[in-house]
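Note that ligands are numbered from 1 as they come in the structure, with each ligand's atoms numbered from 1 the same way. Every heavy atom of this structure was used, including side-chain atoms; hydrogens, water molecules and symmetry mates were not. Quick note: residue numbers are just sequence positions, from 1.
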Amino acid sequence: MKRYNEQEIEKRRTFAIISHPDAGKTTITEKLLLFGGAIQQAGEVRARKSARYATSDWMEMEKQRGISVTSSVMKFTYRDFEINLLDTPGHNDFSEDTYRTLTAVDSVLMVIDSVKGVESQTKKLLEVCRLRHTPIMTFINKLDREGREPLDLLDDIENTLKIQCAPMTWPIGMGKRFRGTYHLYTKEITFYDPEADRGVGEVITVKGLDDPRLDELLGSQVDELRADVELLEGAAHPFDQEAYLAGLQTPVFFGSAINTFGVQQLLDSFVDNAPSPLPRETATRTVSPYEEPFTGFTFKIQANMDPAHRDRIAFFRICSGKFVRGMKVKHIRLGREVQIANATIFMAQDRTNVDVAYAGDIIGIHNHGTIKIGDTFTQGEDLKYTGIPNFAPEHFRKVRILNPLKSKALEKGLVQLAEEGTTQVFRPLMGADWIVGAVGMLQFDVVMNRLENEYGVKAVYEPVSYVTARWVTGDRKQLDEFQKKEAMACYTDGEGKLAYLAGSQWRLDNTMENWKDLEFHATREHS
Ligand code: GDP
């Protein structure tokens, strides 16, 4: 049976790049876009990025909003594939949106700096991928520098990230001695030539590692390669597409993004192996991307695109069916029909209005605050997509209002900003001061500036000694007991859900130990 929109859906790849700052995400993005013909020269993505990071004050950030929106989703084509690359802010604009973006993709590309190995932010992002068993492809970057031993890097990934590695290519030397890579499956030697177009010199296919031509080609370095690959045969895992698709194994490529070396190999393997749009869970059933009715969910809200209009843009992942401009859909939370007249599709170059889009695509829907994160739209069926949660904040501040007559406006502002996913708010069961929680520090400034500009509230932050939060659920009686005993650390969040805030990981573990019958959640679904 031919499935609805089969061809359109099968050629789509929707993914994000996870990495620690400075591992090379921007550089790779740029090279991918060059291969996709979406930009004409290296430097374009970087220019946008530096415009974004050069900003320290709010007004500047405001001006740059357009930039962060254009780079939020970059659509490009490669071979016959339609690729949606979703940006995961990672420097000082790291935020809960970074995590939530990972709930909207079908796979990720993990970039590791060969000098540094697995770093903290990568580890956090990988934990988010694990919630949905997201397939992960790995690129070990900066082989033109003296980095750690490749085998040591694979060990690091396996031990720190608890995922099997399946090397696809293997580097021949590194730093000054970097000659290129040997492809373990196609048996191609790809020579590194920083002077050549796209960093790639000759590509020679050999008969395997015993091929005597290798001695000619690589001289003394061939012994090293042979020894490494022999070791790999005992220690590493062969590529297994099923294990990759189940998120249990990551195929690993080596290269040097700045020299474009290894990027095309990676991109080819990505389009060949990464999943096309996958089925998605709702509260009631699994929805296949090949179903005819249009459905999808919002995973990110960007506010004040145009400050004069208080306009918001909701980033919406299509999960099934076909989007056609002007179509009427049901906004499930509000229980009413809405028309999507003004949607944007994100091309790598700029934003254009869309006429049609399919499962896997991201559209931007303009609205005035009627769309929240996690909202589902369908063509009538009552569905609620799950798996687009709030994530436990890692930084906390107490809010002290300076114009107390505005306390209602403060409440409204904090709750609305929480709905947009900017930060989370917590109201104490005892006492009056609101606590703002965030995943990235910049969000605190965003909140203060928006409170003042949009809600007329002047406030300051005061430090507070929390480091983590958990949502607590369980038996009503037990919960009442818990709230009595732990009242000082109990809060309700923007949607009125009970949260426990802890001053240390030890304290949290201890509380969980003492309240074994209650459940402590690091994420919370939107209601
Ligand atoms: P991001 O923070 O992950 O987006 O990283 P960038 O792409 O901005 O790269 C961080 C720094 O590493 C920049 O100075 C890049 O020029 C540099 N870089 C990226 N790829 C390579 C590479 O393959 N080799 C070397 N030596 N430097 C690289």
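Heavy atoms of other residues, nucleotides or ligands lying less than 6.0 angstrom from CG of N159 number more than 12.
Residues V111 and T27 fail the side-chain proximity criterion, which asks for heavy atoms closer than 4.5 Å. Proximity of N259 to D144: side-chain heavy atoms (C-beta onward) are separated by under 4.5 Å at one or more points. Residues R280 and R132 have side chains in contact (heavy-atom distance under 4.5 Å, counting atoms from C-beta outward).
If you number the atoms of ligand 1 from 1 as listed, the ones under 4.0 Å from a heavy atom of S256 come out as 22 (C), 23 (O), 24 (N). Applying the 4.0 Å criterion to heavy atoms of P21 picks out, from ligand 1, the atoms 2 (O). Atoms of ligand 1 lying under 4.0 Å from any heavy atom of K25, numbered from 1 in the order shown and given with element: 1 (P), 3 (O), 4 (O), 5 (O), 7 (O).
Contacts of T29 with ligand 1, taken as heavy-atom pairs under 4.0 Å, are absent altogether. Here R145 has side-chain heavy atoms under 4.0 Å from ligand 1, and that is the only part of it that gets that close.
Salt-bridge annotation for R148 and D156: present, with a side-chain N of the basic residue lying under 4.0 Å from a carboxylate O of the acidic one. Salt-bridge check for R12 with E8: passed, with a basic side-chain N closer than 4.0 Å to an acidic carboxylate O.
Nearest to atom 25 (C) of ligand 1 by heavy-atom distance, out of T26, T260, V263, D144, is D144. Ranked by closest heavy atom to atom 2 (O) of ligand 1, the top entry among T27, D22, I17 is D22.
Minimum heavy-atom separation, T169 to Q265: CG2-OE1, 3.7 Å.
For a threshold of 3.5 Å applied to N or O pairs, the pair formed by G24 and ligand 1 contains at least one separation below that value. When only interatomic distances are considered, the shortest N/O to N/O separation between I258 and ligand 1 falls below 3.5 Å.
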